[in-house]
Amino acid sequence: MAKFIYTMFAVGVIGLYSISTFMGWELTSSGKNSYFGRMPFFSGGYRGGK
Amino acid sequence: MSFLQANCPSCAAPIEFKSGSSIVIVCPFCRSAVARTDRALEDLGKVAEIMQSESPLRVGLHGMWNNQRFELTGRAQLRHQLGGFWDEWYATFGNGWVGWLAEAQGKFYLTFYQPLSEGAQLPSFTDLQLGQSLPQIPNPSGTPLMVAEKGVATSVAAEGEIPYKLVPNEQSEYADLAGKNHAFGTIDYGMNPPFVFVGQELTLTDLGWADLKPAERQAPRVSAAGMGCPNCGGPINLQVPDKSERVTCPNCDSMLDCSTGKLSWMKSLAPSPDAHKFDLQIGMEGTFNEKKMRIIGAVVRSVTVDGIKYFWHEYLLYNPAVGFRWLVHSDNHWNFVEPLNVADVTGGGNTAQYDGKTYKLFQDANAVVEYVKGEFYWRVEQGETVRAIDYVCPPYVISNEMTGNEMNWSKGTYTRIPDIEKAFGVADLPQPWNVAPNQPFEGSFWYTWGLLFLVALIGIWIVMIPLKMESSALPPTQIMLPPLPAEKGSNPVFTQPFELKPRSNVEITMTAPVSNSWASFDVDFVNEANDEVEQVPLDIEFYSGVEDGESWSEGSTTQSTSFSSIQGGKYRLKIDGQWQNWQQPLPVTVSVKQNTSSWNFCCAFIFLIIGPIFGIVRKWLFESSRWSQSMFTSSGDVNTGSDSGDSCSSCSSCSS
């Protein structure tokens, strides 16, 4: 059971990394003054404006 | 010599030398060994009755080998110095060849006289060493034969025609040799100079006897019916009456000899020093390698290491077609043990090689028989000692057991408890508490598949490199921010438009010449097509000074931040901010890049390396536990750090 769970977890990590790299998602912080913990977002979508 | 009809000099019965090479014939009436010489027939004395066994062979049987027909024209039965018998059948071929077909413990060896090349010398019987190679003896394997056993044989019985002067009860020294590819040899030191016979181990099928079955004879050596212990009168039921030499009485714990055809009391057995009783019983049957095997004997053995005695149990298994095998039970681990051809094992010292695998030295100690139960094919004794050397290559162990006259190799295969329980139909066998010498590690999944996942991650990263190369969307651009109308006022400035690609992360970097002050910016990415806005705050602060002669600094004049991809298209930056010296203009440098390196890969790597690290640590702990039980380290050095003494308090299989 543990092996199955780990396999699913590893496949999930690889899948998430692949899609985030392809889609340009930034899943974690980068730089000293950055959006740590910000959720990824898809292109498009209104975020606010003036 | 030629065909000869004559009368037995002892009883005058008609006898007939059918084979021209026969020297001696056993009179079928009075059992005298009659030798023919150039002048007359000579009575060499009476030979004993042949002890019948389950052998499918008989005098007069015809066979085929190497496309040559042969007949078994005679049989000599010899007794091993440790007890036990074997037969040597005299095979006469139609083309004039004469050979010997030895039969021992269900195995068959066909050998022929092998002359040595001129000048070749053999060591004397005394000088011959176990394991010694004899390259001067040619043999079909192409590699030198090795001494597997040396001993003294006694001619006890015969029938039919024999090609040498067989003297009843005459003893002769011999050495058995083993070679690769089932090559076999014998040196007969009864002759001067010694005679060498070379051939190979064969099966009944090889000899044209595929359909032969074991003879269904009443084994007269010891009848299974109506035998009682000569000490207590309790019933004794022999499982293998034609092969057993010793048997113990289950009622009075006596050692009985059954080699002479009747049970005779030898002595009372000393009680077993091992508190742990046998988990399996005599008479139980289990299936191994698709063969049903019966437990006919059980032994308690021990080795003493650093003053501590370690016990284990061995069960003797028997199947008429397969012969004898062993089941070793040590520290509640189980191994199924089979004999090996001595010549198939090479090396020695720290490693040994067998069947393409390298085995590491694990144990080298004297193994002592502490207690026996059941029946045995050799003259087993309490206190019997052999030097036992174990080499491991999980899940296998090969063991070399040597006495002064004999060397045997055997191979043990680790067998899991559920398999033992299933084979014998038992349950709840006790579980082990440590790692067996040849126990296989079953956690390799974590570092094999774990590393595979890491390799997949790295592969995807490599593939993505050309697709996601860093690019500059807005090169470093200097912008002068005008003074603010008030401390908290606003005076935004727009950059030139620039292009952002879709599906690529964005990193913005700003530099402001703050010194012991701060600046806080709100940067808007404004989509020129639809006026959608992505807001990015950036704070810059830099402080420095000298304290106690040492300079210090805090913060930086440059800050950057990155965020996930946004819709592709033309964008302008709207830069608005406050700074400490708000009445002064502030020159800032801003740049925007895409596909910059991110923490995605590092985080994924960290997550995926957990599995392999876990697996490797488990493997290391497992192997450390395995080798802590050994007298040697995994590299073959003497193990000075063995904690085998520490395990004494936690197991029941040792005494100190």
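Below, read A as the first sequence line, B as the second, and so on, with proteins coming before strands; counting in each chain starts at 1. All values reported here derive from a predicted model rather than from experimental measurement.
- Side-chain contact between A:T21 and B:W461 is absent, with no heavy-atom pair separated by less than 4.5 Å.
- The environment of CD1 in B:I610 is crowded: more than 12 heavy-atom neighbours from other residues, nucleotides or ligands sit within 6.0 Å.
- No donor-acceptor distance shorter than 3.5 angstrom exists from the side chain of B:S564 to the backbone of A:W25, with no hydrogens or angles considered.
- Remark: B:M464 CE to A:S20 OG distance equals 8.5 Å, nearest 0.5 Å.
- Looking only at side-chain heavy atoms (C-beta outward), A:L16 and B:N600 stay at 4.5 Å or farther from each other.
- Counting heavy-atom neighbours within 6.0 Å of B:W552 CH2, excluding the residue itself, gives a total above 12.
- Other residues, nucleotides and ligands place more than 12 heavy atoms under 6.0 Å from the NZ atom of B:K468.
- Using a 4.5 Å heavy-atom threshold, the side chains of B:I460 and A:Y17 count as touching.
- Residue A:F22 touches chain B through both its backbone and its side chain, counting heavy-atom pairs closer than 4.5 Å.
- Listed for the B:S504 side chain is no donor-acceptor partner under 3.5 Å among the backbone atoms of A:G24.
- Contact annotation for B:F525: neither backbone nor side-chain heavy atoms come within less than 4.5 Å of a heavy atom of chain A.
- Pairing each heavy atom of A:M23 with each of B:S565, the nearest pair is O-OG, 2.7 Å.
- Atom CZ of B:F622 has more than 12 heavy atoms from other residues, nucleotides or ligands within 6.0 Å.
- Annotation: B:M469, atom CE; neighbour count of heavy atoms from other residues, nucleotides and ligands within 6.0 Å does not exceed 12.
- Within 6.0 Å of NZ in B:K422 there are 12 or fewer heavy atoms belonging to other residues, nucleotides or ligands.
- Between chain A and the options B:N505, B:L454, B:N595, the largest number of non-hydrogen pairs under 4.5 Å is found for B:N505.
- Close placement of the A:Y6 and B:W446 rings is indicated, their centers lying within 6.0 Å of each other.
- Side-chain atoms of A:V13 and B:F453, non-hydrogen and from C-beta on, never get closer than 4.5 Å to each other.
- The nearest pair of heavy atoms linking A:K3 to B:E442 is NZ-O, 4.0 Å.
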